[in-house]
Amino acid sequence: ALARVAAAGARLEAGDAAAAGALLEVVAGDGATPEPYRSLAALQRVMALGPALAPAEWRAALDGLAAEGAPFRALALEQRALLQLDAGETEAALADLRAILDAPGAPGGVRDRAQRLIVAAGGAPEPAAPADTASGG
């Protein structure tokens, strides 16, 4: 699975998104591959192919990846928010961006981008979250 993901990355760097998407689709659909790798491949496929996908397929893939408890939920919410902003669905995008801010495991960089996108989309900036003292950080 990792070799295919790496090969897909090489295809993307070479400008062949379709070939990269095909490799990533194989990994995402391989039931023998552990779940986090399948989800990662599915997310990378959506990001690589983006507008080349049918809008319904693009949205369905992101909906599944953005489900509560999904391993890359924050990144999928970010991608779905971008799709929604592009479609003029500002309120739905703002809801997804706020969900990122509320997600306990969302990476700092994704939170920062979500905060900036909220402001860019005309939403009110969220107050800074207190530091997580329970995890020692």
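Between Arg45 and Leu53, some side-chain heavy-atom pair lies under the 4.5 Å cut-off. By the 4.5 Å heavy-atom criterion applied to side chains, Glu91 and Gln84 are not counted as neighbours. Between Gln115 and Asp112 there is no side-chain heavy-atom pair separated by less than 4.5 Å. Taking the side chain as every heavy atom from C-beta outward, Trp58 and Leu83 approach each other to under 4.5 Å. In this structure the side chain of Leu65 reaches within 4.5 angstrom of the side chain of Ser39, judged on heavy atoms. The shortest distance between side-chain heavy atoms of Val110 and Leu75 falls below 4.5 Å. Between Leu77 and Arg73, some side-chain heavy-atom pair lies under the 4.5 Å cut-off.
A donor-acceptor pair is defined here as one N or O able to donate and one able to accept, closer than 3.5 Å; such a pair exists between the side chain of Arg111 and the backbone of Ala106.
Across all their heavy atoms, Leu43 and Ala76 have their closest contact at CD1-CA, 4.2 Å. Nearest approach of Val119 to Pro125, heavy atoms of both residues: CG2-CB, 3.9 Å. Nearest heavy-atom pair across Ala28 and Ala41 is N-CB, 3.8 Å. Of all heavy-atom pairs spanning Ala61 and Val46, the tightest one is CB-CG2, 3.5 Å. Nearest approach of Ile118 to Ala124, heavy atoms of both residues: CG2-O, 3.4 Å.
Between the CG atom in Leu94 and the CG atom in Leu117 there is a gap of 9.5 Å [rounded to 0.5 Å]. Here the CD-CG distance, from Glu25 to Leu23, works out to 10.5 Å after rounding to the nearest 0.5 Å. How far CG of Leu40 is from OG1 of Thr33: 11.5 Å, rounded to the nearest 0.5 Å.
When hydrophobic residues (I, L, V, M, F, W, Y) are linked wherever their side-chain heavy atoms come within less than 4.5 Å, the members clustered with Leu24 are Val5, Val27.
Under the 4.5 Å side-chain heavy-atom criterion for Ile, Leu, Val, Met, Phe, Trp and Tyr, Ile100 and Phe72 are members of the same hydrophobic cluster.
Around the OH atom of Tyr37, the shell of radius 6.0 Å holds no more than 12 heavy atoms that belong to other residues, nucleotides or ligands.
The pair Arg80-Asp63 meets the salt-bridge criterion, with a side-chain N (NZ, NE, NH1 or NH2) lying under 4.0 Å from an Asp/Glu carboxylate O.
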